[in-house]
Structures are given as structure tokens and as C-alpha cells.
Amino acid sequence: GAVVSQHPSWVICKSGTSVKIECRSLDFQATTMFWYRQFPKQSLMLMATSNEGSKATYEQGVEKDKFLINHASLTLSTLTVTSAHPEDSSFYICSAPDTIYGYTFGSGTRLTVV
Amino acid sequence: TQLLEQSPQFLSIQEGENLTVYCNSSSVFSSLQWYRQEPGEGPVLLVTVVTGGEVKKLKRLTFQFGDARKDSSLHITAAQPGDTGLYLCAGSTGGFKTIFGAGTRLFVKA
């Protein structure tokens with residue numbers, strides 16, 4: 001079946017530094033990928049839609065200069081949290097549509113900013 | 001603004017009991033998915049329903065899509081501790097964009 005690989009699984013960084021999260025579709029091509037943020041015990045909040053070959057589309061309230069998205073190829077999208085602060089600590093998840101009806105999610109990245 | 005209301009948000013039951021989770025919206029969906037998520041993991045797709053009135057079964061789980069494709073339910077029969085987790089419904093209105101319900105956190109006690 002379709003697999004989406006997300007790395008790293010967890011990361012701890014200092015305030016002010018940047019962190020890059022990778023999302024790869026392993027056995028299928030994804031012209032579109034989605035990035036979500038999830039707070040403890042809450043549902044997924046769509047942050048942005050990553051488009052291969054063009055700019056990402058950000059949801060309202062999401063700072064595009066803070067959350068940089070690059071869809072470098074048909075199998076790779078990256079999310080960079082720039083100048084991270086403790087309030088950016090969260091669980092970040094990517095997903096890619098693998099069929100007309102379903103989406104495959106990465107395993108998530110737990111970011112802790114200290 | 002499209003909303004997908006999911007209820008209940010939290011459910012704690014004894015092993016062997018039945019339960020139903022609901023997702024409701026004023027929007028019509030082209031398809032609706034149900035996911036289960038374990039702590040620290042990404043959601044895993046359980047089922048996709050597409051046709052109004054459709055019923056799908058996955059072992060002890062029964063999924064139903066409303067006739068008008070605005071609502072859906074997940075029924076678990078004889079719940080087991082292994083069913084514990086966060087259940088999410090997600091609706092697609094066409095294209096790739098999906099909206100998620102708030103999730104139902106299920107805890108099944110042995």
C-alpha cells in the first residue's frame with residue numbers, strides 16, 4: 001500500500017533556531033501534500049497545502065514566512081519552522097492523497113522548542 | 001465556513017459494550033473517511049464512504065454514510081481494549097481538500 005515517510009519523528013531545538021521536517025511518498029507520486037498541526041488531545045488543523053512546482057497555499061492565520069514549505073519533487077515536501085519558539089511546540093503531520101478517496105498520513109513529528 | 005461536528009468528544013466504556021460516534025455537517029461531501037490515531041502516530045485510514053446511504057463493515061466496526069452525504073456514523077460492537085484510540089472523521093468536498101472533525105477519544109476498560 002501507499003506509504004508516506006516523515007522525518008524526524010521527534011526533535012528538540014532551542015528557541016530561535018530553525019527545524020526542517022521532511023515528508024516523502026515512498027511508492028507513489030504526490031503533486032499535492034498537506035501539512036497539519038495537532039495539539040494534545042485535539043484534532044488535526046490544516047496549516048497549508050504543498051504543491052509541486054508552485055507556491056504552497058496557506059490556511060488563514062498561518063504565517064507563511066514562519067512555516068516555509070518547499071515541494072521539491074513529486075515525492076518530497078518539506079516544512080521548515082523558522083525561528084522556532086516554545087509556542088511552536090506541537091505534533092506536525094503530513095499527508096498525501098494516494099487514491100481518489102483516501103489519504104495516507106506520515107507518522108508525525110513531535111517538535112519541542114526549549 | 002465548512003464544519004464537521006463530531007460527537008462525542010470523549011467516551012469511556014467497559015469492554016463488551018457497544019458505541020456509536022457521529023459526524024454531522026451542513027455541507028455535502030463527495031466522500032468521507034474515518035481514521036484511527038494512536039498517540040504519537042499519524043492517523044490510519046479505516047474506511048472511505050462515497051455513496052449516500054452506503055454501509056461498510058470492518059469486523060466489529062460498521063460505518064454508515066447519510067443519504068444526503070452530510071453525515072456519517074461509526075458503530076463499534078462489543079468494544080475491546082484494543083479499540084482504544086482517537087477516531088477522526090474527515091470529509092472531502094471535491095479536489096484534495098479535507099476537513100476533519102474534532103475527534104472522539106475512546107477508552108475501553110478491560
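Below, read A as the first sequence line, B as the second, and so on, with proteins coming before strands; counting in each chain starts at 1.
Contacts of Gln37(B) with chain A are made by side-chain atoms alone, with heavy-atom separations under 4.5 Å and no backbone atom involved. With a 4.5 angstrom heavy-atom cutoff, Gln60(A) does not touch chain B via any of its atoms.
Using modelled atom types, one finds a donor on one side chain and an acceptor on the other under 3.5 Å when comparing Ser31(B) with Gln33(B). With hydrogens and angles left out, the side-chain atoms of Thr98(B) and Ser92(B) include a donor and acceptor closer than 3.5 Å.
No other option in Gln42(A), Gln38(A), Arg110(A) has as many heavy-atom pairs under 4.5 Å with chain B as Gln38(A). For the set Thr49(A), Leu44(A), Val4(A), Thr109(A), the count of heavy-atom pairs under 4.5 angstrom toward chain B peaks at Leu44(A). Ranked by heavy-atom pairs under 4.5 Å with chain A, the first of Gly103(B), Gly40(B), Ala90(B) is Gly40(B).
Using bins of under 30°, 30° to 60° and over 60° for the plane-to-plane angle, the ring pair Phe105(A)/Tyr35(B) lands in the perpendicular bin.
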Determine, step by step, whether Glu22(A) and Lys20(A) satisfy the salt bridge (Lys or Arg N to Asp or Glu O under 4.0 Å) criterion, reporting the C-alpha distance in whole Å, the side-chain angles of both residues, the deciding distance to 0.1 Å, and the verdict. CA-CA 7 Å; Glu22(A) 290 189 350; Lys20(A) 179 184 285 187; 5.6 Å; no

Might you work through the side-chain hydrogen bond (donor to acceptor under 3.5 Å, both in side chains) test for His85(A) and Ser15(A), ending with a clear yes or no? CA-CA 5 Å; His85(A) 291 284; Ser15(A) 288; 4.8 Å; no

